[in-house]
Amino acid sequence: MMGWLSATPDKRNETRYKDYVNRNHGPPPMPEIEFGEHVIGYLQEVGPALNTGQGLVPLTFSEIEAWMRMVGVALTSWEASMLKRLSDEYVAEHHAARKPQHPQPWTPIQGFDKEAIAKGMRGLLGKISAKRDKK
């Protein structure tokens, strides 16, 4: 999401974030994070990507390790992997969002009903299980 917001689409002069704020008179909705919110804070602190002569590239594990040493943070392997993955996704979305037609990543799904989906999945899994048991 942040990669999309930070992108400046081709032939435009402002980032998608600035465009969104101007059109909607406020910032875009941010998703609730159920677990690992501190890793997002780390990503913002270290920076979500490296700016090279060839454009944005994801953080490397070497960069993450150097950041850890410099600031005195001891990440678990899960946190370091998640930080790397978030950087990868940020860069991928940033590059994709340079295309003017690339949709915003938080478009709500109309009619989304968790209970109905869960009920349907239980029924489907039950049918699959029944077929497997018949064999």
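Residue numbers count from 1 along this sequence.
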From D10 atom CG to Q101 atom CD, the distance as rounded to the nearest 0.5 Å: 9.0 Å
Inter-residue atom distance L83.CG - E45.CD, 0.5 Å rounding: 10.0 Å
Joint hydrophobic cluster, V71 plus L50, side-chain heavy atoms closer than 4.5 Å: yes
Atom of P100, atom of P9 and distance for their closest heavy-atom approach: CA-CB, 4.2 Å
Distance (rounded to the nearest 0.5 Å) between L59 CG and K84 NZ: 7.5 Å
Flag if over 12 foreign heavy atoms under 6.0 Å of CE, M2: no
Pairwise side-chain contact, I40 with L86, heavy-atom cut-off 4.5 Å (strictly under): yes
Heavy-atom closest pair, residues S87 and A49: OG-CA, 4.2 Å
Main-chain N/O of T8 paired to T15 side chain as donor or acceptor, under 3.5 Å: no
Shortest non-hydrogen separation from Y17 to P27 and the atoms involved: OH-CB, 3.8 Å
Y42 and H38 aromatic ring geometry - parallel, tilted or perpendicular at 30°/60° bounds: perpendicular
Interatomic spacing from CD in E79 to CD1 in I64 - rounded to 0.5 Å: 11.5 Å
Flag side-chain contact, heavy atom, 4.5 Å: W78 against V39: yes
Check: R16 and Q104 side chains under 4.5 Å, non-hydrogen atoms: no
Enclosure of N22 CG (heavy-atom neighbours >12, cutoff 6.0 Å): yes
Atom of W4, atom of P105 and distance for their closest heavy-atom approach: CG-CD, 3.5 Å
Exam field: side chain W67 to backbone V73, donor-acceptor pair closer than 3.5 Å: no
Shared hydrophobic cluster, I33 / Y90 (ILVMFWY, side-chain heavy atoms < 4.5 Å): no
Closest non-hydrogen atom pair, V91 against P58: CG2-N, 3.6 Å
Rounded distance (nearest 0.5 Å) linking atom OG of S77 with atom CE of M82: 11.0 Å
Donor-acceptor contact below 3.5 Å, side chain H95 vs main chain L56: yes
Other residues, nucleotides, ligands: >12 heavy atoms within 6.0 Å of R12 CZ: yes
Over all atoms of both residues, closest heavy-atom pair of P28 and Y20: CA-CE2, 3.2 Å
